[in-house]
Amino acid sequence: MSGVAYRRGELHVDEVALPGLARSLPTPFYVYSASAMRDRLRGLRAAFAELPVRLFFAVKANSNLAVLRTLHAAGAGMEVVSGGEIRRALAAGVPGAAIVYAGVAKTADEIRLALEVGVAQLNVESVPELERISRVATELGCAAPIALRINPDVAAATHDKIATGRKGDKFGIPFTEAGEVYALAARLGGLRPVGLHMHIGSQITDLASFEAAYRRGADLFRALRGQGFALRRLDLGGGFGVRYADERAVTPADLARLVRRCTEGLDAEIWLEPGRYLVAEAGMLVTSVIYVKDSDERRFVIVDAGMHNLLRPALYNAYHAILPLREMPDTVATPADVVGPVCESSDVLARNRPLPPLQEGDLLAIATAGAYGAVMASDYNSFPSASEVLVDGARWAVVKPRRDAEAQFADEVIPDWLRVATPRSG
Ligand SMILES: *Cc1c(COP(=O)(O)O)cnc(C)c1O
């Protein structure tokens, strides 16, 4: 059995029953299904079997080394946005040749690292960046394989904070300037323009947004080829939406049909960079009820997970389903706000959510938390961090231990001048 489901009344990830797991581990903890991740990757790969497609996992969605290793072992390359993510990918056993490097603020050190480890491609977001890559590559005596990230000026139907392909977003080079910048890339030393890149945003479920962008991308790709640029790769980015509530999630078959239609006769390798799509539904955040507080006609279910573990509800008003670890049939659901322990009014995981009767110590799973969850965590308020657990069939392992306050402040330093006198209390 793979993925997340109730069996015999208990929520399972693959063959591991979560109530049992919660007896071995303190909450909160993330739990990921390796098989669910592989299934998603396999589904995409099967749908695109007839097209020359390469898949790169967007590391920022879930950068745990065990997750990277799982997806790489199943055939995915990695898309990274920083030198730190390059080092993570390498540490997970991914070779440079399977890494594509994007990001708006690449420093000379990061570019040097990317070139030294031989990344497959650098996706370039601006002219000054192009010039810097040219300089670093020339110093190293190599030719950097580059693609320009083009901003297609498409307003993807998604949350404002995760749309990236509109005029005025900080990402990419304006569509209308692409020709000029490729010409510049051809003139500068140390550069080998091999592709065209775009990525219009995240959690997009409306295929029309992708279609508009992909058509613009494919047209531009043809035009640039016509002007003599030897481009071989059209990198269409990621952003494929998943099902948090009742969205109509993007299906691999729909996506493959669309890509085929938009790239008909292009004679190019198609690259895709799914992040969320591969991992979101494979992960959950398990939490315990600390208190149930009834006040002013509102019920607050106060839990030990919050915005310090999972920022998406506070940052994007994101919806996550909340499931009791033990199924509670024959109970009446009443609306409650599920809130975390952090001293911020925005630390709300769910508002007005119909939930079965709950009491202190009950266990809940916050669903669809495998993407943009643990990676966005912070030590704010010095609560213990959520550990991360990888399940594969009947096996499970802690792939990142919980960090308590002592671990969080272990590297903080009280300078000498503050050590001299012990302050009097009071
Ligand atoms: C974030 C990002 C992705 C992945 O986005 P998802 O919505 O998680 O699929 C892909 N490419 C680039 C350049 C990104 O910044």
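All ligand and atom numbering here is 1-based and tracks the order in the structure.
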Would you mind checking which non-hydrogen protein atom is closest to atom 14 (C) of ligand 1, with the distance to 0.1 Å? Lys60 NZ, 2.8 Å
State the atoms of ligand 1, each with its element, that fall below the 4.0 Å cut-off from a heavy-atom position in Arg276. 6 (P), 8 (O), 9 (O)
Any nitrogen or oxygen of Gly201, side chain or backbone, less than 3.5 Å from one on ligand 1? no
Nearest non-hydrogen protein atom to atom 10 (C) of ligand 1, with distance, is Glu273 O, 3.2 Å
Taking non-hydrogen atoms only, is Tyr372 closer than 4.0 angstrom to ligand 1 via side chain, backbone, both or neither? side chain
Just checking, is any N or O donor in the side chain of Glu273 or His197 under 3.5 Å from an acceptor N or O on the other one? yes
Provide, to 0.1 Å, the distance between atom 13 (C) of ligand 1 and the closest protein heavy atom, together with that atom's residue and name. Glu79 OE2, 3.2 Å
Should you measure from each heavy atom of Gly238, which atoms of ligand 1 turn up under 4.0 Å away? 9 (O), 10 (C)
For the 3.5 Å polar cut-off, considering only N or O atoms, please tell me whether Val81 and ligand 1 meet it. no
Counting heavy atoms not belonging to Tyr380, are there more than 12 under 6.0 Å from its OH? yes
Identify the protein heavy atom lying closest to atom 5 (O) of ligand 1, giving its residue, its atom name and the separation to 0.1 Å. His199 CE1, 3.4 Å
Look at atom CZ of Arg69 and say whether more than 12 heavy atoms of other residues, nucleotides or ligands are closer to it than 6.0 Å. no
Heavy-atom neighbours of Glu50 CD exceed 12 at 6.0 Å: no
Can you tell me how the ring of His320 sits relative to the ring of Tyr244, calling it parallel under 30°, perpendicular over 60° and tilted otherwise? perpendicular
Where's the contact between Ser202 and ligand 1, heavy-atom distance under 4.0 Å: side chain, backbone, both or neither? both
Quiz question: by atom type and distance under 3.5 Å, do the side chains of Tyr316 and Gln203 form a donor-acceptor pair? no
Scan side-chain atoms only and decide if Asn123 and Gln121 contain a donor-acceptor pair under the 3.5 Å cut-off. yes
So for atom CZ, which belongs to Arg225, do other residues, nucleotides or ligands contribute more than 12 heavy atoms lying within a distance under 6.0 Å? yes
Considering both backbone and side-chain atoms of Arg149, is one of its nitrogen or oxygen atoms within less than 3.5 Å of a nitrogen or oxygen in ligand 1? no
